[in-house]
Amino acid sequence: MFELHTSDFDPCPGRAQLRRNGAFDGVAGTALVRGLMIHNALEMLHYNWDCPAADILASSSSKTLSVMENEGRQPSDAVMANLPTLVREMHVVLEQYIERVLPITKKWTLIGCEVPVYWQLRDDVHLSSHLDAMFINSEGLPVFWDWKWRATSASFSDLSRSLQLACYWAAIASGEGLFQLSD
């Protein structure tokens, strides 16, 4: 059985193959660390709406670095040297999220963050991943979110070519994707 994970959709096929072969050196660059930190911050925010952004970022930063250390990954020297700048950038994004997005999601029911996804594509291939957030909106419909860090909004063209989002859509549309929800 071949387990496909969305980390295999890395734009650098060589890096994805190194990870798959267990030969990745464990050094995490800026994009990965920033992504992990902002994901942790957004998850914390959805479970604690009233917590100030600065407090969430401080908790997210320390949690991310601790988890990385426990997993045998380490931020690169460049990441550590630029950590204050990363946190400032994330603070701006988090404040915008609080202002623009959180009021919408407060009307919805949060089903979970980092929801495990499983979809069997063929007998010998399955997808395992995590969906960043899952809600039920005010009309009773499910809303599936995957957060991305981008300098600009993703265009329809960008979204239509995203293999990761296509897999999530297919898992849902086929009726065969499984989403593991906590009690």
Side-chain angles (χ1 to χ4, degrees), residues 5-7 9-11 28-69 71 73 75-76 78-117 129-169 171-172 177 179-182:
H5 194 275
T6 51
S7 64
F9 303 154
D10 190 313
T30 302
L32 176 60
V33 174
R34 180 177 44 218
L36 292 171
M37 283 184 181
I38 200 68
H39 274 73
N40 283 331
L42 291 171
E43 182 175 351
M44 289 175 189
L45 177 64
H46 278 285
Y47 287 115
N48 190 1
W49 294 335
D50 299 324
C51 191
D55 292 349
I56 287 175
L57 282 172
S59 294
S60 171
S61 297
S62 62
K63 175 185 175 184
T64 301
L65 295 174
S66 175
V67 167
M68 288 177 66
E69 182 179 338
E71 292 175 350
R73 294 189 286 175
S76 69
V79 168
M80 294 311 292
N82 294 311
L83 195 56
T85 302
L86 286 176
V87 171
R88 281 194 302 275
E89 289 173 352
M90 287 186 287
H91 190 269
V92 170
V93 170
L94 193 57
E95 288 290 347
Q96 290 174 348
Y97 191 91
I98 290 168
E99 180 184 324
R100 299 156 128 186
V101 179
L102 199 58
I104 296 167
T105 65
K106 282 185 177 182
K107 299 174 191 172
W108 300 347
T109 302
L110 176 66
I111 302 300
C113 291
E114 289 297 313
V115 176
V117 177
S129 189
H130 288 83
L131 192 60
D132 291 333
M134 189 176 185
F135 302 91
I136 299 296
N137 72 13
S138 44
E139 289 82 39
L141 299 172
V143 178
F144 302 90
W145 277 11
D146 194 71
W147 296 307
K148 299 294 181 206
W149 181 282
R150 296 178 56 105
T152 60
S153 296
S155 68
F156 177 78
S157 177
D158 293 333
L159 296 173
S160 67
R161 290 190 315 263
S162 170
L163 189 53
Q164 180 181 8
L165 296 178
C167 282
Y168 291 151
W169 177 86
I172 296 163
F179 300 84
Q180 183 178 355
L181 305 176
S182 59

Minimum heavy-atom separation for [X] to [Y], with atom names?
{"X": "Met68", "Y": "Pro75", "answer": "CE-N, 3.9 Å"}
{"X": "Asp132", "Y": "His39", "answer": "OD2-NE2, 2.9 Å"}
{"X": "Pro142", "Y": "Ile136", "answer": "CA-CD1, 3.9 Å"}
{"X": "Arg34", "Y": "Leu86", "answer": "NH1-CD2, 4.0 Å"}
{"X": "His130", "Y": "Tyr168", "answer": "O-OH, 3.0 Å"}
{"X": "Leu36", "Y": "Arg73", "answer": "CD1-NH2, 4.0 Å"}

Is the number of heavy atoms from other residues, nucleotides or ligands within 6.0 Å of [atom1] ([X]) greater than 12?
{"X": "Glu69", "atom1": "CD", "value": "no"}
{"X": "Lys106", "atom1": "NZ", "value": "yes"}
{"X": "Gln180", "atom1": "CD", "value": "no"}

Does any N or O in the side chain of [X] come within less than 3.5 Å of the main-chain N or O of [Y], such that one atom is a donor and the other an acceptor?
{"X": "Asn82", "Y": "Ala78", "answer": "yes"}
{"X": "Ser76", "Y": "Val79", "answer": "yes"}
{"X": "Ser60", "Y": "Ile56", "answer": "no"}

Separation between [atom1] of [X] and [atom2] of [Y], rounded to the nearest 0.5 Å:
{"X": "Leu45", "Y": "Asp55", "atom1": "CG", "atom2": "CG", "result": "12.0 Å"}
{"X": "Ser59", "Y": "Met37", "atom1": "OG", "atom2": "CE", "result": "12.0 Å"}
{"X": "Leu131", "Y": "Trp145", "atom1": "CG", "atom2": "CH2", "result": "11.5 Å"}
{"X": "Lys63", "Y": "Asn40", "atom1": "NZ", "atom2": "CG", "result": "4.5 Å"}
{"X": "Cys167", "Y": "Asp146", "atom1": "SG", "atom2": "CG", "result": "11.5 Å"}
{"X": "Trp108", "Y": "Glu139", "atom1": "CH2", "atom2": "CD", "result": "9.0 Å"}

**Prompt:** What do the steps show when you test Leu83 against Ser61 for side-chain contact (heavy atoms from CB on, under 4.5 Å), and what is the final call?
**Reply:** CA-CA 9 Å; Leu83 195 56; Ser61 297; 5.5 Å; no
**Message:** If we count only N and O atoms by modelled type, under 3.5 Å, do the side chains of Tyr47 and Glu43 hold a donor and an acceptor together?
**Reply:**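 Their side chains do not contain a donor-acceptor pair, so the 3.5 Å distance test is not met.
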Identify each donor-acceptor pair in which a side-chain atom of residues 96-104 lies under 3.5 Å from a protein atom, sequence neighbours left out, and give them as a table.
from  : atom 1 : to     : atom 2 : distance (Å)
Tyr97 : OH     : His46  : NE2    : 2.7
Tyr97 : OH     : Trp147 : NE1    : 3.3

